[in-house]
Enquirer: 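Let me give you the structure first, and then I'll get to my questions.
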Amino acid sequence: MRLRLLISLSMLLAACGAGTSNPDDPQPSVTDPGITDPSTPDSGAPDAGSVEAGTPDAGASDGGAVDAGTGPGDGGSADAGTDPQPVPEVERPFTLPKLQATVPEYALVMPPETLEQFMKDPLTGEQDATFQANGKTFPVKVRLRGASARYFDKKSWNVSFADKDKFEGRTSLNLIAEYADASMIAEKISYDLLAAMRVPASKATFVRLSVNGRYEGVFLEVEQVNKAFVKARQFPDDDATIYRAGWKDTEFKTWKVPYQGDWVKKTNESEPDDALWEVLDVINHTPEPQLVAALEKNLEIESYVRSMVLDALMSNNYVEDSESYFMHDDITGRWRYVPWDLNNVDARWWYTNTVEDQSVSTNNMKHPLFNFTLLDGWVEKMYQQRKLEQGSYPGYLPTFSNMGTRVVLNPVLRARLEARLDKALAEVFVSKVMDPYIDQLHGLIDASMKTDPYMDYAKFSAGKAYMKRFVKFRREFVMAEVKRLKAAKSTLVLEAFDPREGWVEVANHGTQAVSLQGMTLTTNLRVSLAGGDYAPTIVKAPMGAVLGNTTVAPGQTVRLTAGSLGITFPAKGEVGLFDGASVVGMKDALFYGELPSGKRYVRGEEGWEVR
């Protein structure tokens with residue numbers, strides 16, 4: 001790795017001499033959004049709150065090909081001797097990838113007693129088998145995959161190849177049955193939308209699978225995130241360190257509740273985990289005024305923001321369950337989030353729902369923005385459900401991403417997120433683009449679905465119209481949500497904060513006096529309630545306090561001291577003002593880092609400052 005790093009650094013230095021503007025930019029062959037200047041306005045992005053009308057169709061009806069990213073900046077120049085300027089990445093259209101032309105045939109063969117064992121005990125470990133495709137046969141290891149999916153009638157499989165017997169350059173296949181999605185296409189659409197936004201994520205391909213000579217139906221092959229994934233995308237470091245988020249945890253916090261699993265290191269296992277803990281500290285404790293620069297330096301934050309757009313478009317409700325990937329590139333020094341387990345998006349047609357229900361219901365289309373952050377009202381919905389399931393979730397606390405929450409609370413990153421969402425709504429997630437794509441996607445597997453022994457063909461047939469309806473309704477709902485959030489700014493805000501001196505100031509920016517009675521001040525954003533029947537989320541000293549009857553007049557600022565409230569403010573951490581009634585009843589919050597003596601956080605005209 002060190003030799004490769006030295007070679008790469010030499011190449012970068014040489015490139016600098018040739019006039020390259022940024023030696024840390026990815027190699028040109030990588031179709032990666034990389035890092036863009038958040039201060040640069042995005043041209044041509046319509047307001048997500050306005051109804052799109054007459055926008056040129058950025059996605060061809062056949063799915064199109066991913067834009068290679070070159071072309072004149074203004075359509076031509078009067079000076080024929082001037083080279084055309086490349087279009088900035090953020091101005092390139094979001095375009096759906098070209099749809100596969102055929103459905104490959106895969107076959108698994110194993111001893112009958114092995115297959116019987118898998119059926120009796122879905123948790124059975126890897127077993128020997130044979131994989132057949134393209135006229136070739138490979139010795140493999142197989143197991144069932146998924147959590148609850150292992151117990152569905154139609155099983156999903158993981159197939160592992162030896163390094164010397166790679167299949168099309170890959171050492172692992174994930175064959176997803178999509179049994180829980182009667183439409184069969186929600187996960188495929190999700191990965192294709194990520195590709196349209198040039199987010200490096202798994203490639204998803206429909207295949208036909210037989211097991212021991214019996215046709216098992218259509219499966220979605222989802223590319224494994226591993227070293228082959230890294231090499232296929234020509235990332236600068238082809239030996240990147242890959243982690244998978246722990247069980248029931250994709251929150252990017254520095255601590256866990258009892259049921260959550262640890263990060264799982266998938267590559268370079270013998271190396272220390274120091275870099276992981278360092279970037280988690282950056283995510284959670286960088287002082288707010290330095291946040292954008294710190295994330296740009298340490299993460300592919302543009303790629304992460306676009307994954308948040310996907311979550312919004314396809315109503316990704318189970319991010320906490322996804323065990324998504326997080327990889328570190330030693331050459332760029334940056335981390336990359338890679339979304340996973342997108343078969344849980346709410347866009348799916350839950351397999352028990354009837355054709356009649358899915359023809360009119362919109363219950364799965366109303367996930368509020370922004371998904372899996374403290375703005376997401378469904379964090380409360382999930383909390384109310386899972387706090388009662390103590391057998392599976394002992395000590396359950398509200399779950400949300402600290403990184404996503406910091407994005408939506410930061411004015412610069414929030415503006416970038418809204419701009420990318422606007423762009424997706426205008427260029428790709430719109431009926432005139434998505435409807436013909438859905439037609440082609442559905443038609444691709446229709447004949448194979450007729451004989452799928454597990455899936456309801458009537459539901460699959462109705463799934464085409466359902467998914468078109470989802471896109472139309474969800475698009476309108478998301479645009480309304482953007483408007484709602486812009487109008488729903490809290491009048492009570494944290495105005496200044498000095499953890500060392502032990503005080504926080506609350507200001508009323510509204511026109512009516514507000515009482516703080518029953519509100520809570522907390523140093524743990526997962527623990528914010530003033531009362532109730534579930535003790536783990538009720539604030540108590542020294543973590544937080546229920547506030548008394550202090551009235552804040554319009555334009556007034558009041559100081560709350562740690563001593564009077566019995567609170568201890570850590571040197572670095574988080575502080576939030578909540579309504580005390582809901583786990584998402586946030587009035588304002590601040591993630592903060594330790595400051596030098598004599599410095600404090602103060603809200604300025606453009607956001608938080610250190611003075």
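Note that these values count all heavy atoms, side chains included, but never hydrogens, waters or copies made by symmetry.
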Enquirer: Is a side-chain N or O of Gln224 found less than 3.5 angstrom from the main chain of Asn226, in a donor-acceptor match?
Expert: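 Flag not set: sc Gln224 to bb Asn226 has no pair under 3.5 Å.
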Enquirer: Can you find a heavy atom in the side chain of Ile189 that is under 4.5 Å from one in the side chain of Met314?
Expert: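 Sidechains of Met314 and Ile189: in contact.
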Enquirer: Determine the minimum heavy-atom distance between Lys366 and Thr362, stating which atoms define it.
Expert: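 Closest approach of Lys366 to Thr362, heavy atoms only: CE-OG1, 3.0 Å.
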Enquirer: With a 4.0 Å cut-off on N to O distance, would you call Arg334 and Glu300 a salt bridge?
Expert: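 So Arg334 pairs with Glu300 through a salt bridge.
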Enquirer: Below 4.5 Å, heavy atoms only, C-beta onward: do Leu193 and Phe429 meet side chain to side chain?
Expert: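 With C-beta onward as the side chain, the pair touches.
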Enquirer: Under a 3.5 Å distance rule, please check whether Thr102 uses its side chain to pair with a backbone N or O of Pro104 as donor and acceptor.
Expert: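 Flag not set: sc Thr102 to bb Pro104 has no pair under 3.5 Å.
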Enquirer: Among Asp237, Thr241, Val338, which residue meets the side chain to side chain contact (heavy atoms under 4.5 Å, CB included) test with Met327?
Expert: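 Single pass found, and it is Val338.
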Enquirer: Using the ring centroid of each side chain, check whether Phe477 and Phe470 are separated by less than 6.0 Å.
Expert: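 They do not qualify: ring centres at least 6.0 Å apart.
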Enquirer: Can you tell if the side chain of Val430 reaches within under 4.5 Å of the side chain of Leu425, non-hydrogen atoms only?
Expert: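 Contact flag for Val430/Leu425 side chains = no.
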Enquirer: Any heavy-atom pair between the side chains of Val225 and Ser202 that's under 4.5 Å?
Expert: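 Yes - at least one pair of side-chain heavy atoms lies under 4.5 Å apart.
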Enquirer: Between Val355 and Asp456, does the side-chain contact (heavy atoms from CB on, under 4.5 Å) criterion hold? Intermediate values first, please.
Expert: CA-CA 10 Å; Val355 172; Asp456 186 324; over 6 Å; no
Enquirer: Validate the cation-pi geometry between Lys253 and Phe400: distance from NZ or CZ to the six-membered ring centre under 6.0 Å, angle to the ring axis within 45°.
Expert: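 Yes, cation above the ring, under 6.0 Å and within 45°.
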Enquirer: Any pair with a residue in residues 347-360 that passes salt bridge (charged side-chain N to carboxylate O under 4.0 Å, His left out), sequence neighbours left out, goes on the list, sorted by first then second residue, please.
Expert: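 Output for this query is empty, none listed.
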Enquirer: Could you verify whether a donor N or O on one side chain and an acceptor N or O on the other, from Asp311 and Asn316, lie under 3.5 Å apart?
Expert: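 Asn316 and Asp311 do have a side-chain donor-acceptor pair below 3.5 Å.
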Enquirer: From Leu291 CG over to Leu413 CG, what is the distance, rounded to the nearest 0.5 angstrom?
Expert: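 Those atoms lie 5.5 Å apart.
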Enquirer: Is there a side-chain contact between Leu209 and Val218, using heavy atoms and a 4.5 Å cut-off?
Expert: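 A side-chain contact is absent here, since even the closest heavy-atom pair is not under 4.5 Å.
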Enquirer: Can Tyr318 and Met382 be said to form a side-chain contact (heavy atoms from CB on, under 4.5 Å), step by step?
Expert: CA-CA 9 Å; Tyr318 288 93; Met382 191 64 70; 3.5 Å; yes
Enquirer: Check whether any side-chain N or O of Arg469 sits under 3.5 Å from a backbone N or O of Gln358 as a donor-acceptor pair, and report yes or no.
Expert: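 Such a contact is found between Arg469 side chain and Gln358 backbone.
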Enquirer: How many angstroms lie between atom CG of Asn317 and atom CG of Asn371, to the nearest 0.5 angstrom?
Expert: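 The CG atom of Asn371 is 7.5 Å from CG of Asn317, to the nearest 0.5 Å.
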Enquirer: Under 4.5 Å between any side-chain heavy atoms of Phe206 and Ile185, yes or no?
Expert: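 A side-chain contact under 4.5 Å exists here.
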Enquirer: Are side-chain heavy atoms of Arg414 and Leu375 found at a separation under 4.5 Å?
Expert: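 The answer is yes, as the side chains (C-beta and beyond) meet within the 4.5 Å cut-off.
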Enquirer: A side-chain contact here means heavy atoms from C-beta on lying under 4.5 Å apart; do Pro368 and Arg484 qualify?
Expert: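 Pro368 vs Arg484: side chains touch.
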Enquirer: Does either side chain, that of Ser448 or that of Arg208, offer a donor lying less than 3.5 Å from an acceptor on the other one?
Expert: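 Yes, Arg208 and Ser448 have a side-chain donor paired with an acceptor closer than 3.5 Å.
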Enquirer: Side chains of Glu251 and Asn402: is there a donor and an acceptor less than 3.5 Å apart?
Expert: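 On atom types as modelled, these side chains do not qualify, holding no pair under 3.5 Å.
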Enquirer: OG1 of Thr373 to CE of Met586: how many Å apart, nearest 0.5 Å?
Expert: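 It comes to 7.5 Å.
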Enquirer: Tell me whether Glu288 is salt-bridged to Arg406, with the criterion being a basic N under 4.0 Å from an acidic carboxylate O.
Expert: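 Between Arg406 and Glu288 there is a salt bridge, with a charged N closer than 4.0 Å to a carboxylate O.
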Enquirer: Which distance, rounded to the nearest 0.5 Å, do you find between the CZ of Arg475 and the CE of Met434?
Expert: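 Here the rounded value is 11.5 Å.
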Enquirer: Looking only at side-chain N and O atoms, does Glu320 offer a donor or acceptor that is under 3.5 Å from a partner on Thr399?
Expert: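 Thr399 vs Glu320: donor-acceptor pair found between side chains.
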Enquirer: What ring-ring contact (aromatic ring centres under 6.0 Å, His included) pairs are there with at least one residue in residues 169-203, not counting sequence neighbours?
Expert: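 ring-ring contact (aromatic ring centres under 6.0 Å, His included) check on residues 169-203 returns Phe152-Tyr179, Tyr179-Tyr351.
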Enquirer: Can you tell me if Lys468 has over 12 outside heavy atoms packed within less than 6.0 Å of its NZ?
Expert: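 Check passes, neighbour count above 12.
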Enquirer: Which is it for Phe326 and Phe252 under the ring-ring contact (aromatic ring centres under 6.0 Å, His included) test, yes or no, and what are the steps along the way?
Expert: CA-CA 10 Å; Phe326 201 38; Phe252 292 102; 4.9 Å; yes
Enquirer: For residues 171-195, which residue pairs pass the salt bridge (charged side-chain N to carboxylate O under 4.0 Å, His left out) check, not counting sequence neighbours?
Expert: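 Only Lys188-Asp192 qualify under salt bridge (charged side-chain N to carboxylate O under 4.0 Å, His left out).
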Enquirer: Return the set of residues passing side chain to side chain donor-acceptor pair (under 3.5 Å) with Thr171 (not counting sequence neighbours), or none when no residue passes.
Expert: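 In terms of side chain to side chain donor-acceptor pair (under 3.5 Å), with neighbours along the sequence ignored, Thr171 is linked to no residue.
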Enquirer: When rounded to the nearest 0.5 angstrom, what distance separates CG in Asn410 from CZ in Arg416?
Expert: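 Nearest 0.5 Å value for the CG-CZ distance: 9.5 Å.
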Enquirer: On the ring face of Phe219, is Lys154 found with NZ or CZ under 6.0 Å from the centre and within 45° of the axis?
Expert: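 Ring-cation test returns yes.
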Enquirer: With His328, which of Tyr337, Trp335, Trp263 fulfils ring-ring contact (aromatic ring centres under 6.0 Å, His included)?
Expert: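 So, applying the ring-ring contact (aromatic ring centres under 6.0 Å, His included) to His328 and each of Tyr337, Trp335, Trp263, only Trp335 qualifies.
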Enquirer: Can you tell me how far CE of Met467 sits from CG of Asp435, rounded to the nearest 0.5 angstrom?
Expert: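 Taking CG in Asp435 and CE in Met467, the distance rounds to 11.5 Å.
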Enquirer: Answer with yes or no whether the side chains of Asp446 and Tyr457 bring together a donor and an acceptor at under 3.5 Å.
Expert: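 Judged by distance alone, the side chains do pair up.
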Enquirer: Using 4.0 Å as the upper bound for N to carboxylate O, is an ion pair formed by Asp238 and Lys227?
Expert: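 Judged by the 4.0 Å cut-off on N to carboxylate O distance, Lys227 and Asp238 do not form a salt bridge.
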Enquirer: Under 3.5 Å, is there a donor-acceptor pair between the side chain of Lys423 and the main chain of Arg92?
Expert: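 Such a contact is found between Lys423 side chain and Arg92 backbone.
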Enquirer: Between Lys231 and Asp239, does any NZ, NE, NH1 or NH2 come within less than 4.0 Å of an OD or OE carboxylate oxygen?
Expert: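 A salt bridge is absent here (no side-chain N lies under 4.0 Å from a carboxylate O).
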Enquirer: Any donor-acceptor pair under 3.5 Å linking the side-chain atoms of Asn174 with those of Asn158?
Expert: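 Yes.
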Enquirer: So, does Ser324 use its side chain to make a donor-acceptor pair with the main chain of Trp340 at under 3.5 Å?
Expert: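 Yes; judged by distance alone, with no hydrogens or angles, the pair exists.
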Enquirer: Under 6.0 Å from the CD atom of Glu606, do we count more than 12 heavy atoms belonging to anything else shown?
Expert: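 At most 12 heavy atoms, drawn from other residues, nucleotides or ligands, come within 6.0 Å of this atom.
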Enquirer: Checking side-chain polar atoms at under 3.5 Å, does Tyr466 have a donor or acceptor matched by the opposite partner on Ser361?
Expert: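 Checked: Tyr466/Ser361 side chains show no N/O donor-acceptor pair below 3.5 Å.
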Enquirer: Could you walk me through whether Thr250 and Tyr325 satisfy the side-chain contact (heavy atoms from CB on, under 4.5 Å) test, starting with their C-alpha distance in whole Å, then the side-chain angles of each, then the deciding distance to 0.1 Å, before giving a yes or no?
Expert: CA-CA 9 Å; Thr250 314; Tyr325 291 87; over 6 Å; no
Enquirer: Quick one: list whatever passes side chain to side chain donor-acceptor pair (under 3.5 Å) with Lys464, sequence neighbours left out.
Expert: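 Applying side chain to side chain donor-acceptor pair (under 3.5 Å) to Lys464 gives none.
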Enquirer: If the threshold is 4.0 Å, N to carboxylate O, is there a salt bridge linking Arg336 and Asp329?
Expert: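 Salt bridge between Arg336 and Asp329, a charged N being under 4.0 Å from a carboxylate O: no.
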Enquirer: Would Arg233 count as a cation-pi partner of Phe229, with NZ or CZ less than 6.0 Å from the six-membered ring centre and within 45° of the ring normal?
Expert: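 Yes, Arg233 and Phe229 form such a contact.
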Enquirer: Kindly determine whether Asn134 and Glu105 satisfy side chain to side chain donor-acceptor pair (under 3.5 Å), including the steps that lead there.
Expert: CA-CA 8 Å; Asn134 303 333; Glu105 296 270 0; over 6 Å; no
Enquirer: Walk me through whether Leu485 and Phe370 qualify under side-chain contact (heavy atoms from CB on, under 4.5 Å).
Expert: CA-CA 9 Å; Leu485 289 174; Phe370 282 98; 3.9 Å; yes
Enquirer: In chain order, what residues pass the side chain to side chain donor-acceptor pair (under 3.5 Å) check against Arg474, with sequence neighbours excluded?
Expert: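 Applying side chain to side chain donor-acceptor pair (under 3.5 Å) to Arg474 gives none.
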Enquirer: Is the backbone N or O of Ile242 less than 3.5 Å from a side-chain atom of Thr267, with the two atoms forming a donor-acceptor pair by type?
Expert: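 Yes, because the side chain of Thr267 sits within donor-acceptor range (under 3.5 Å) of the backbone of Ile242.
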